[in-house]
2 protein chains.
Amino acid sequence: MPFTAAEENYIKTIFQLQLNEGMVSTNSVATALETSAASVTDMLKKLKLKKLLVYEKYKGFKLNNEGKKTALGIIRKHRLWETFLVNILHFKWDEVHEVAEQLEHIQSNQLIDHLDDFLGNPQFDPHGDPIPDSAGKMPILSQINLTKFPLHVVGEICSVGSQSSDMLSLLSHKHIEIGSKISVEQYFAFDESIEVKINNKLLVNISAKLAQHLYVKKMNYAS
Amino acid sequence: MPFTAAEENYIKTIFQLQLNEGMVSTNSVATALETSAASVTDMLKKLKLKKLLVYEKYKGFKLNNEGKKTALGIIRKHRLWETFLVNILHFKWDEVHEVAEQLEHIQSNQLIDHLDDFLGNPQFDPHGDPIPDSAGKMPILSQINLTKFPLHVVGEICSVGSQSSDMLSLLSHKHIEIGSKISVEQYFAFDESIEVKINNKLLVNISAKLAQHLYVKKMNYAS
DNA sequence: AAATATTTTTAGACAAATCTAAAAATTTAA
DNA sequence: TTAAATTTTTAGATTTGTCTAAAAATATTT
């Protein structure tokens with residue numbers, strides 16, 4: 001079954017929301033897609049008809065297995081295209097999102113499989129997020145949200161939970177990128193901001209909101 | 001101004017039709033796009049409003065300079081993507097058309113310029129057709145339709161005036177590809193078919209219809 | 001537990017792109 | 001040069017995805 005670009009955007013968004021929350025609400029999807037709640041309800045009916053999600057009026061909803069499989073296929077395409085744009089076409093990592101949002105809707109299994117091979121079957125995209133394989137399997141990464149990372153332990157930024165260019169330019173300003181070494185030096189209860197050390201040198205303050213989007217991998221003591 | 005995929009398909013089709021005929025008719029566009037004449041009329045009104053074509057009711061129409069510039073931009077994207085698919089992702093030249101039809105509608109100047117550079121600013125696509133540069137200029141090729149090619153002169157297949165997979169598989173069956181050497185050996189008035197010699201060896205019969213789609217470049221006597 | 005606030009759904013409308021059927025204009029042919 | 005055939009346009013529907021405004025259901029608060 002082929003899906004429209006609009007359907008795919010809903011599927012992808014619902015998938016990402018239900019990773020955190022289990023059940024998803026109409027309003028949360030509307031906010032994420034910057035559309036009205038009424039539009040979301042309309043689309044939910046369609047996706048229910050296509051048997052991609054479990055949904056009952058007023059009760060919330062979530063993707064079923066078929067829906068999750070579809071979402072992983074879209075995420076696979078998105079992350080492979082981002083990898084292509086950064087690694088091959090030399091885009092900067094904060095410039096790729098908008099274009100990848102378009103490319104992810106191109107319909108051709110042959111295309112995406114050839115692209116995957118050409119890129120060397122990468123496991124992670126330039127933001128550090130795992131790329132599902134053609135069966136929908138993703139490598140598991142023991143990554144922890146920065147807000148939950150222990151004090152004074154050196155870790156490595158391995159994923160960024162958003163691709164908004166506002167956020168990416170903020171990170172750029174703070175000299176934070178995928179692979180940067182980071183340690184939490186202090187926690188300020190007043191505004192929940194934290195002070196971190198980047199690459200064992202630079203001390204930087206990070207807001208609670210920003211920290212919620214940064215994922216860190218504990219570094220191998222060997223390295 | 002960004003255009004919808006539907007608008008772009010009309011613009012591209014009208015451009016190709018007016019190359020041969022100057023003025024274009026509603027029916028010819030409807031046939032080319034496999035849609036109804038009524039739909040074409042609807043779209044013409046829209047494209048006129050956007051000042052892309054010269055059109056008066058019942059009088060035929062053609063793209064103005066703005067329309068032609070837009071068409072060349074779409075053709076540029078299509079041919080660059082075809083080059084990418086064949087040269088980089090190792091698609092066969094008769095498999096790329098459908099995917100390129102989708103990719104040509106991706107909106108990003110940065111993307112297409114980076115792609116152009118990555119491919120080495122190619123002048124011709126895998127079908128032998130010239131690729132417009134970012135200003136809309138195309139290299140000129142002294143190519144002649146096979147039906148007008150003189151007898152017993154060796155030429156080289158340099159372009160194929162259609163990408164229908166029906167036609168491309170027929171060519172493949174006859175062992176004809178871009179770069180094949182070809183000479184016209186005999187002309188049969190009865191059905192306007194011609195007998196050609198491929199690569200100085202194989203004698204093959206070609207229908208009038210097929211011949212109309214093959215373009216040949218006179219070979220340099222030196223090579 | 002009743003009143004209030006929030007969330008969700010319905011109802012009705014709109015724009016884009018398409019269709020069929022019928023009317024209007026043009027072209028061809030007798 | 002009328003009549004017939006063809007082409008083109010209009011009129012009215014349909015589908016997809018969206019919207020606003022109002023109604024219905026659920027959740028919260030006093």
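Here is the naming used below: chain letters follow the sequence lines, and residue numbers restart at 1 for every chain. Just so you know, these numbers come straight off a predicted model, no measurement behind them.
- Contacts of B:Y55 with the nucleic acid, taken as non-hydrogen atoms under 4.0 Å apart, involve only primed sugar atoms and P, OP1 or OP2.
- Minimum heavy-atom separation, A:L80 to A:L119: O-CD1, 3.4 Å.
- Atom-to-atom, CG of A:L49 to P of D:dT16 comes out at 10 Å; the value is rounded to the nearest Å.
- The ring-ring contact (aromatic ring centres under 6.0 Å, His included) test applied to B:H97 returns B:H78, not counting sequence neighbours.
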Collect all protein-nucleotide pairs involving nucleotides 18-27 of chain C in which both atoms are nitrogen or oxygen and the distance is under 3.5 Å.
{"residue": "C:dT18", "atom": "O4", "partner": "B:D42", "partner atom": "OD2", "Å": "3.4"}
{"residue": "C:dC19", "atom": "OP1", "partner": "B:T35", "partner atom": "OG1", "Å": "3.4"}
{"residue": "C:dC19", "atom": "OP2", "partner": "B:T35", "partner atom": "OG1", "Å": "2.5"}
{"residue": "C:dC19", "atom": "OP2", "partner": "B:S36", "partner atom": "N", "Å": "3.3"}
{"residue": "C:dC19", "atom": "OP2", "partner": "B:S36", "partner atom": "OG", "Å": "3.1"}
{"residue": "C:dC19", "atom": "OP2", "partner": "B:S39", "partner atom": "OG", "Å": "2.5"}

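- A close approach under 4.0 Å does not occur between any side-chain nitrogen or oxygen of A:N27 and OP1 or OP2 of C:dT6.
- Residues A:L171 and A:L210 approach most closely at CD2-CD1, 4.0 Å, considering heavy atoms.
- Between the P atom of D:dT18 and the CD atom of A:E7 lies a distance of 10 Å, rounded to the nearest Å.
- Between B:H213 and B:N145, the shortest heavy-atom contact is N-ND2, 4.4 Å.
- D:dA25 atom C1' lies 14 Å from atom CD of A:E56, rounded to whole Å.
- Note on ring orientation: taking the six-membered ring where Trp is involved, the planes of B:F61 and B:Y55 are perpendicular (angle over 60°, cut-offs 30° and 60°).
- The phosphate of C:dT7 has neither OP1 nor OP2 within less than 4.0 Å of any side-chain N or O from A:S25.
- Atom-to-atom, CG of A:L44 to P of C:dT7 comes out at 16 Å; the value is rounded to the nearest Å.
- For B:T26, a side-chain nitrogen or oxygen approaches OP1 or OP2 of D:dT9 to under 4.0 Å.
- For the pair B:F61 CZ and D:dT7 P, the interatomic distance rounds to 14 Å; values are reported in whole Å.
- One can place NZ of B:K45 at 14 Å from P of D:dT8, the figure rounded to the nearest angstrom.
- In this structure, B:F84 has its ring center closer than 6.0 angstrom to the ring center of A:F84.
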